[in-house]
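What follows is a single structure, written as structure tokens, with notes after it.
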Protein chains: 2
Amino acid sequence: MTERTPSEASRDIPEATVARLPVYLRALTALSEAGTATCSSEHLATAAGVNSAMLRKDLSHLGSYGTRGVGYDVEYLRYQIAREIGVTQDWPVVIVGIGNLGHALANFSGFRSRGFRVVALLDADPRRHQEVVAGVDVRPFSDLEAIVHEHGVAIGVISTPAPAAQDVADHMVAAGIRSILNFAPTVLAVPPGVDVRKVDLSIELQILAYHEQRKALGAAAVERPVDGALEGRPA
Amino acid sequence: MTERTPSEASRDIPEATVARLPVYLRALTALSEAGTATCSSEHLATAAGVNSAMLRKDLSHLGSYGTRGVGYDVEYLRYQIAREIGVTQDWPVVIVGIGNLGHALANFSGFRSRGFRVVALLDADPRRHQEVVAGVDVRPFSDLEAIVHEHGVAIGVISTPAPAAQDVADHMVAAGIRSILNFAPTVLAVPPGVDVRKVDLSIELQILAYHEQRKALGAAAVERPVDGALEGRPA
DNA sequence: TAGATTGTTAATCGATTAACAATC
DNA sequence: TAGATTGTTAATCGATTAACAATC
């Protein structure tokens with residue numbers, strides 16, 4: 001059951017590598033469109049914003065797709081990475097929560113071009129059910145299960161307000177979805193076997209703020225109040 | 001200049017910890033709003049979706065803000081984390097690129113409530129300069145430098161199409177911005193000392209697709225073509 | 001053959017986790 | 001005092017980087 005052909009050496013790719021493969025894929029697509037036939041690890045690494053040792057290490061998890069002394073065939077490597085990620089196939093996606101962000105996501109061209117097809121837009125608010133966004137009409141949230149089964153949806157996107165997100169996730173899981181991209185600023189609880197990735201705008205800004213604050217401190221090391229001077233411990 | 005008071009033990013917090021502090025902050029805010037005065041590391045960790053050992057380790061980098069045998073004072077810990085991140089102060093932010101995503105960002109309430117204030121919306125397209133979005137009017141991109149200086153903007157958000165992003169980043173850096181949140185699907189080159197965080201929707205979906213594909217393989221291990229059977233190496 | 005560049009090894013670094021002594 | 005829970009230590013795990021032998 002879990003046995004594996006030894007020839008298929010490429011299983012169990014580290015998570016950090018998986019997260020970079022789409023970046024390499026994009027860089028290779030750009031090189032391909034620019035008419036470049038071959039590239040070195042150095043060249044590709046620069047385009048992807050990583051160092052070449054890391055790139056080669058990452059690619060070594062997939063297999064041996066380069067040629068020593070020469071480099072990588074752009075088209076060939078691009079296909080191999082696309083296949084490894086799974087974007088050579090079509091992925092039906094459903095988006096739940098068609099507010100400002102949901103509109104932006106539905107209209108985002110980068111999905112379609114990478115094998116993701118938005119098959120349905122759902123919203124709990126009946127006033128939105130008149131709307132057509134990006135050529136797809138907005139349907140009631142209660143249609144979720146039917147749509148998931150009809151289109152074989154494996155990936156769900158949540159762009160509702162935070163209070164609704166857990167309920168949406170529960171229904172997605174119940175309908176058979178096992179991969180969720182969550183834009184709502186809340187921690188989702190899901191059963192084992194379900195993957196959740198979160199995109200959290202205000203967390204990203206807070207991380208930047210932390211570093212920005214430290215930069216400012218370096219510049220004027222005085223302004224910060226001395227440890228504990230302002231706020232006492234509670235009793 | 002770089003000397004440091006030994007009492008301020010909390011410098012040099014690991015990057016992984018910094019990325020989780022905003023999650024703890026959000027959980028503490030929820031606890032606070034629910035009227036909870038005290039919580040254990042176990043309780044807070046569950047709310048934040050991490051394990052309690054990691055939470056305590058993370059908090060230990062900030063200082064010793066708990067009470068053995070008792071737990072943490074919710075309000076006190078919340079303030080300490082907020083101060084550490086820097087969200088007790090106000091951060092003026094500028095957003096460049098007011099398409100669908102820019103609209104969604106400008107309207108996002110989570111910014112304002114966490115100390116981020118959108119002081120300007122900029123777009124290169126003159127047709128957008130009539131618009132008022134979320135109470136702020138859209139101004140020409142060429143106003144960037146003046147606005148940055150006027151408001152002391154330290155954080156810039158890029159929500160333009162990919163081809164425009166590098167040029168926007170260059171202008172931001174030239175204007176003095178040293179923290180950038182990039183939503184454009186492209187790798188930005190910036191000088192040392194400038195922080196860039198990227199949010200890339202299609203990369204997130206591709207990471208989910210990779211894992212989804214592997215789940216499907218586990219279920220039906222046969223369907224995948226045998227290694228190299230379909231595609232030959234290029235000459 | 002000589003030069004170039006991959007794929008891999010080994011060293012280093014950082015992050016996570018479990019366990020427990022300190023202490024409220 | 002006894003029970004609870006923190007803060008820290010040490011072990012483990014995973015990711016990054018440099019260096020170089022393999023080889024085109």
Side-chain angles (χ1 to χ4, degrees), chain A residues 7-21 23-24 27-28 31 36-74 76-78 80-81 84 207 211 233-235, chain B residues 7-21 23-24 27-28 31 36-74 76-78 80-81 84 207 211 233-235:
Chain A
S7 63
E8 214 162 296
S10 54
R11 300 315 90 195
D12 257 31
I13 297 176
E15 211 30 57
T17 298
V18 170
R20 283 187 295 263
L21 290 180
V23 181
Y24 303 153
L28 285 163
L31 286 174
T36 310
T38 291
C39 69
S40 67
S41 64
E42 193 65 46
H43 186 178
L44 183 54
T46 304
V50 301
N51 84 36
S52 66
M54 188 154 78
L55 172 73
R56 289 197 302 276
K57 181 77 176 173
D58 282 341
L59 294 184
S60 75
H61 295 293
L62 312 198
S64 213
Y65 295 141
T67 306
R68 288 162 136 105
V70 177
Y72 301 92
D73 180 280
V74 170
Y76 180 66
L77 182 59
R78 189 171 76 93
Q80 293 300 338
I81 293 179
E84 190 66 44
I207 295 168
H211 293 294
R233 291 292 291 271
Chain B
S7 63
E8 214 163 295
S10 53
R11 298 316 90 198
D12 255 32
I13 297 176
E15 215 23 62
T17 298
V18 170
R20 282 187 295 263
L21 290 179
V23 181
Y24 303 153
L28 285 163
L31 286 173
T36 310
T38 291
C39 69
S40 65
S41 63
E42 193 65 44
H43 186 177
L44 183 54
T46 303
V50 301
N51 84 36
S52 66
M54 188 152 79
L55 172 73
R56 290 198 302 278
K57 181 78 176 173
D58 282 341
L59 295 183
S60 75
H61 295 293
L62 313 198
S64 212
Y65 295 140
T67 307
R68 289 160 135 104
V70 178
Y72 302 92
D73 181 278
V74 170
Y76 180 66
L77 183 59
R78 188 171 75 94
Q80 293 301 338
I81 293 178
E84 190 66 45
I207 295 169
H211 292 294
R233 293 290 292 273

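Proteins come first, then strands; the chains are lettered A, B, ... in the order of their sequence lines, and each starts at number 1. Values in this document were obtained by computation on a predicted structure and should not be read as measured data.
The distance from atom CG of B:Leu77 to atom SG of B:Cys39, rounded to the nearest 0.5 Å, is 7.0 Å. Considering CG of A:Asn51 and NZ of A:Lys57, their distance stands at 12.5 Å, rounded to 0.5 Å.
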How would DNA chain C look in dot-bracket form, 5' to 3', counting Watson-Crick and G-U wobble pairs with both distances under 3.5 Å and writing | for bases paired to another strand?
..||||||||||||||||||||||
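For A:Thr17 (side chain) and A:Ile13 (main-chain N/O), no donor-acceptor pair under 3.5 Å exists by modelled atom type. In terms of modelled atom types and a separation under 3.5 Å, the side chain of A:Thr67 and the main chain of A:Val70 share no donor-acceptor contact.
With sequence neighbours excluded, no residue forms a salt bridge (Lys or Arg N to Asp or Glu O under 4.0 Å) with A:Arg56. In terms of the side chain to side chain donor-acceptor pair (under 3.5 Å) criterion, A:Ser60 has no residue partners (sequence neighbours excluded). In this view, A:Ala45 and A:Val50, A:Ser52, A:Leu55 satisfy the side chain to side chain contact (heavy atoms under 4.5 Å, CB included) rule, not counting sequence neighbours. For A:Thr38, the side chain to side chain donor-acceptor pair (under 3.5 Å) criterion is met by no residue, not counting sequence neighbours.
The distance from atom NE2 of A:His61 to atom C1' of C:dT6 is 15 Å, rounded to the nearest whole Å. Atom CG of A:Leu59 and atom P of C:dT5 are 16 Å apart (whole Å). Atom CG of A:Asp73 is separated from atom C1' of D:dC24 by 15 Å (rounded to the nearest Å). Rounded to a whole Å, the OH atom of B:Tyr72 is 9 Å from the C1' atom of D:dT5. For the pair A:Glu42 CD and C:dT5 C1', the computed distance is 10 Å after rounding to whole Å. At whole-Å resolution of the value, NE2 in B:His43 and P in D:dA4 are 18 Å apart. When the P atom of C:dG7 is taken as reference, atom CG of A:Leu55 falls 10 Å away, rounded to whole Å.
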Derivation and outcome, ring pair (Phe, Tyr, Trp, His ring centres under 6.0 Å), residues A:Tyr76 and A:Tyr65
CA-CA 8 Å; A:Tyr76 180 66; A:Tyr65 295 141; 5.7 Å; yes
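Of the residues near DNA chain D, A:Val70 and A:Asp58, the one whose nearest nucleotide (by heavy atom distance) lies more toward the 5' end is A:Asp58.
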Please enumerate all protein N or O atoms sitting under 3.5 Å from an N or O of nucleotides 8-15 of chain D, with distances to 0.1 Å.
none

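For A:Ser41, no side-chain nitrogen or oxygen approaches OP1 or OP2 of C:dT5 to under 4.0 Å.
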